[in-house]
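Just below is one structure, and these are the notes that go with it.
Here, residue 1 is the first one in the sequence, and each next residue gets the next number. Bear in mind the structure is a predicted one, so any value in this text is a computation, not a measurement.
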Amino acid sequence: QVRLVESGGGLVQAGGSLRLSCATSDPTFGDLAMAWFRQAPGKEREFVAAISQFFNIRKYADSVKGRFTISRDNARNTVYLKMDSLKSEDMAVYYCAAGATIADVTTRPDFWGQGTQVTISS
């Protein structure tokens, strides 16, 4: 079991920026593809961004392309999600996820974090 702990959520004005972090103490972090998902009230959880464990291949949902950036620091066992130009529709609980491959983690992750709330004020 890989334990993932998100942080960095909070209240931000529309148009502002926020950086989420997801850390683990699991030594296999470097072997895992990582992703971020989000779930807004009354909506299903949706894929946001993913990054592979090798070559830093990245994938993004169309709704966040050009505004969000996923990155990872294997030395710190941490994956980040930098969110710029935030909109009201970005407000959600953001979840970190891990899986064996980037294809797996975007569709059926093996491990989930507990989530961190992102609130956008107009």
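Looking at residues two or more places apart in sequence or on another chain, you find a side-chain contact (heavy atoms from CB on, under 4.5 Å) between Ala49 and Tyr60, Ile70, Leu81. For Thr24, the side-chain contact (heavy atoms from CB on, under 4.5 Å) partners two or more places apart in sequence, or in a different chain, are Val2, Leu4, Asp26, Phe29, Asn77. Every residue two or more places apart in sequence or in another chain was checked for a side-chain hydrogen bond (donor to acceptor under 3.5 Å, both in side chains) with Ser85, and none qualifies. Looking at residues two or more places apart in sequence or on another chain, you find no side-chain hydrogen bond (donor to acceptor under 3.5 Å, both in side chains) involving Gln53. In this structure, Ser121 has no side-chain hydrogen bond (donor to acceptor under 3.5 Å, both in side chains) partners at least two apart in sequence or on a different chain. For Phe47, the ring-ring contact (aromatic ring centres under 6.0 Å, His included) partners are Phe37, not counting sequence neighbours. Annotation: side-chain hydrogen bond (donor to acceptor under 3.5 Å, both in side chains) contacts of Arg3 (sequence neighbours excluded): none.
Sequence neighbours left out, the pairs with a member in residues 95-106 that pass salt bridge (Lys or Arg N to Asp or Glu O under 4.0 Å) are Asp104-Arg108. Among pairs with a residue in residues 39-49, those fulfilling side-chain hydrogen bond (donor to acceptor under 3.5 Å, both in side chains) read Arg38-Glu46, at least two apart in sequence or across chains. Residue pairs meeting the salt bridge (Lys or Arg N to Asp or Glu O under 4.0 Å) criterion with at least one partner in residues 49-63, sequence neighbours excluded, are Asp62-Lys65. Applying the disulfide bond (SG atoms under 2.5 Å apart) test to residues at least two apart or on different chains, none of the pairs has a partner in residues 51-90.
Checked by atom type and distance alone, the side chain of Glu6 pairs as donor or acceptor with a backbone atom of Gln114 at under 3.5 Å.
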Indicate every side-chain donor-acceptor pair of residues 9-23 with a distance under 3.5 Å to a residue at least two apart or in another chain.
unit_1, atom_1, unit_2, atom_2, d
Ser17, OG, Asp84, OD1, 2.7

